[in-house]
Amino acid sequence: MRGHLRSIRLSPDRLFVGILRSAKEVRLTSSPMDAPPALELVRDWKSSDAILGFEWTFPGELFCVTNTGIEFYAFSDRRKTFSSKRVITMRVSWHLFSPDANLLVLSTGTPLLIVHQIKPGCAVSGLPSIKLETASGLQANQSNPAMITRKHVAFVSLYGDLFFAFFNTWNPDAVLALYHLGHKDWVLHSELSLIDRGAFSLNVWDNLLLVHNLTCKNTIIFDIQARQSAKMLTPPQTWLFSLFTALPSLDVGPTAIWSSHLPDLILSPSAGALSRLSVSLDGLRAEMERVKGTLGTIEILELLTRRSGEDAYALKLSVVRSLIALQPELWLVRCAFDVLNTTIPTPAGGQAGSRSMSKQSSRLSMSRQSSRGSIHYSGSGSRTPLPAGSSGGLLERKSTGLFSFGKQQPSQSPRHPSTHQASPQPAASSTQQQQEYADPMLQTVLATRQEDVYTHILAIFADSDLPASTLSGCILEYMDSLTCSGHVAEQFVEELLCGTLLRDGAFAHITQLLQMQVLSPSQPLARLLMDFVPTFEPFAEIVVEMLSGLGADGELLSFMVSRGELLRAIKHAIDRGLVHHISPAVLLEAAYSSGNPTVFLNIYRALEEHGLIPVSAVLDLAPSADELDPHRNAHREMQSSDEVEHLGAGVLARYVSVFRELWGPRIDMENI
């Protein structure tokens, strides 16, 4: 097909093509376009008649707008052509159609715009008219057709809502008015200042409204959900947007000629390219920081939180990391974490879990106040440095392996999954988040994953020059923010807090956090405290209570034996019914090495009463030279329980001989 074309449109079902050749002719054909025409509309019997345009509505349905009214057509399968269904006669200056909402706006030459909703079957439903008299300089009784043109209005979709946009350049200050349909009328949602006058066009990218001033060659970016009343993110810019196209480059400088098309298309006639527009979020962030400084960080985070895409998510974490590196006041860090922990309501709505978290929130608030004060804790001894976020070596501690159980007790905290590394496992968290989605009692979903906050923000500062007191304060603020949003801090976050306080020597502070249940008991946390028991003795009793409450009997018995608390260890094993799962040789060797005959006697008698001293060992009282070798016996203490048990009664015969040597005469005397 050759000749001038004003408009060409494809039907929703892609079966027909409509071509507007001029203001006098519309041609509808089947796809491909070389097929015979299904309908030709010609308006040439009057010079004043004009076809303003046509729009496809539903499969096989369209309407044609003329200066004398609206004509509706539908395809007839029987006749294989389009037939007229209805005609609405009225004076029309121009029209605007939204295919997403099927809304048709008609201008009759006055600021009062008529709105119709198009329905299937060529049905039409009237909606409230849009009154533009709120704009200064426009009156409803004026009838100048050239006053408001099609270029002054547009339909835009922002955050799931449809808005009618009107460029009011008749005000002393040019504004963009956004209207949305209320219950009974169109309501003015907001007025956005355009600063300069000129010819304007619109684009929408990821719910950001971009207003191009074609006269001044600049672009203003608005976010209608921004806190500020102006909704303007930055002053007019010329470099914030880039065009992605197949061409190596596309001139978008001040002298370039291009036009925008909703939602995000840019047409460059000189380059012969139609490209999609994309906002540079990193450049937008840099410009907002330059204009608003550090106080604009919260606004930047809110902006990035409302954006989709991995680049916005990663940039959001980078902004918080940069903020903490500046060591600002903790209230600003808390505001940043509150934005990260913004919850997204599910269809059920509500904030489930917030009541159950109120007590922990109050405890966190108390601990945060104590961390902000001038209390300093001092401690002696070596401090274990924290690993980097990617190493995951914070909780690495070799087990002594002195005790083995047929059925190990559960060792994790009741509200935390078991882990042996400080670095988080994304797969486990993903499963946990899926469970949150599936749980009908849960009403909110955490927007930012704790694993990402740990890896990309908190753990990075563990080996940095950031003071440990500052890092611990930031972690407490993050945990409190999680609690206030109805979530519980993951175990690896608590371990990082404990490790940071240990590095700072704030041992008493850790005790306070455990008493206030800010830190929950766990085996990895107990292992961290074990390393500092020689420096801060109260940690020993905390570790015992923690492991006992978790049911980690094997690790608890190993800890008691390593501290020489043999009688307490055997008593705990008897009380828990675990005495038959321990290695007698290990306890007897530890008792013998202590040099206290009374301790050895009590351990021996306790094992003997529970049948752990075999009769064969009692009969075999002649140990070999290898068994009496002190170096060999010292090495046995480091062997695992499985290896010790396989040595048989020959090993226990040595301790029977020792028992006879130390207590034999006295026992014989008592028997006499």
Side-chain angles (χ1 to χ4, degrees), residues 5-9 20 22-23 50-55 65-67 91-101 103-115 129-140 142-158 162-179 186 188-205 209-222 236 241 252 256-269 274 277:
L5 299 178
R6 297 182 59 179
S7 176
I8 180 170
R9 298 181 184 276
L20 178 62
S22 65
I51 300 176
L52 303 180
F54 71 97
E55 303 287 348
V65 181
T66 66
N67 60 343
R91 179 184 175 184
V92 180
S93 299
W94 50 264
H95 79 284
L96 176 66
F97 182 67
S98 171
D100 297 329
L103 293 184
L104 174 63
V105 176
L106 300 173
S107 172
T108 60
T110 67
L112 186 64
L113 304 180
I114 301 174
V115 184
S129 301
I130 302 177
K131 300 177 182 179
L132 300 179
E133 61 264 27
T134 55
S136 177
L138 294 178
Q139 301 297 329
Q142 292 180 349
S143 59
N144 185 2
M147 192 171 193
I148 302 177
T149 65
R150 171 64 180 78
K151 296 181 179 180
H152 292 98
V153 296
F155 275 116
V156 293
S157 179
L158 301 172
L162 186 67
F163 293 91
F164 178 79
F166 168 58
F167 289 104
N168 186 2
T169 57
W170 292 268
N171 269 349
D173 297 327
V175 296
L176 173 62
L178 297 179
Y179 296 85
W186 289 85
L188 180 64
H189 180 272
S190 57
E191 285 187 338
L192 310 178
S193 176
L194 302 178
I195 301 178
D196 299 319
R197 295 184 177 274
F200 298 95
S201 63
L202 291 176
N203 275 125
V204 177
W205 181 84
L209 185 61
L210 285 74
V211 181
H212 309 289
N213 191 325
L214 304 179
T215 304
C216 300
K217 300 293 184 180
N218 57 36
T219 300
I220 306 177
I221 300 181
F222 296 97
F241 63 90
V252 293
I257 299 176
W258 50 269
S259 60
S260 63
H261 299 271
L262 289 170
D264 57 353
L265 297 178
I266 296 292
L267 176 63
S268 178
L274 181 65
L277 178 145

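Listed here is the closest heavy atom pair of R197 and C216: O-SG, 3.9 Å. Residue G198 comes nearest to N213 through the heavy atom pair CA-OD1, 3.9 Å, listed as atom of the first residue, atom of the second, then distance. Closest approach of R9 to F54, counting heavy atoms only: NE-O, 3.3 Å. Shortest non-hydrogen contact noted between S201 and S260 is OG-OG, 2.7 Å. Looking at every heavy atom in both residues, V65 comes nearest to V92 through CG1-CG1, 3.8 Å.
Here the side chains of F166 and V175 are not in contact, with every heavy-atom distance at 4.5 Å or above. Considering only heavy atoms from C-beta on, L209 stays 4.5 Å or farther from I221 through its side chain. I114 places a side-chain heavy atom less than 4.5 Å from the side chain of T108. Side-chain contact between L178 and L192 is present, with at least one heavy-atom pair separated by less than 4.5 Å. By the 4.5 Å heavy-atom criterion applied to side chains, L277 and L265 are not counted as neighbours. In this structure, I195 and I220 have side chains that are in contact, with non-hydrogen atoms separated by less than 4.5 Å. With contacts defined as side-chain heavy-atom distances shorter than 4.5 Å, the pair L176/V211 qualifies. In this structure the side chain of S129 never reaches within 4.5 angstrom of the side chain of V115, judged on heavy atoms.
Here the two rings, on W170 and H152, have centers that are under 6.0 Å apart. Residues H212 and F200 place their aromatic rings such that the two centres sit no closer than 6.0 Å.
Of the inter-residue distances, the one linking I51 atom CD1 with S7 atom OG reads 11.5 Å to the nearest 0.5 angstrom. Atom-to-atom distance recorded for S157:OG and L262:CG is 10.5 Å, nearest 0.5 angstrom. For the atom pair OG (S22) and CZ (R6), the distance works out to 7.0 Å, reported to the nearest 0.5 Å. Atom OG of S98 and atom CZ of F163 lie 12.5 Å apart (nearest 0.5 Å).
The backbone N or O of A199 sits less than 3.5 Å from a side-chain atom of T215, completing a donor-acceptor pair. Between the side chain of N203 and the main chain of H261, a donor-acceptor pair closer than 3.5 Å is present.
For the side chain to side chain contact (heavy atoms under 4.5 Å, CB included) test with W94, the passing option among L113, L106, N67 is L113; the others fail.
Using cut-offs of 30° and 60° for the angle between ring planes, the F164 and F155 rings count as perpendicular.
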Task: side chain to side chain contact (heavy atoms under 4.5 Å, CB included) between L202 and L210, intermediate numbers included - done: CA-CA 6 Å; L202 291 176; L210 285 74; over 6 Å; no

Open item on the list: Go through it in stages, so that I can follow the logic: the residues are H95 and E55, the test is side chain to side chain contact (heavy atoms under 4.5 Å, CB included), and I'd like the CA-CA distance, side-chain angles, deciding distance and then a yes or no.
Closed with: CA-CA 10 Å; H95 79 284; E55 303 287 348; 3.4 Å; yes

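In D196, the CG atom is crowded: over 12 heavy atoms of neighbouring residues, nucleotides or ligands sit closer than 6.0 Å.
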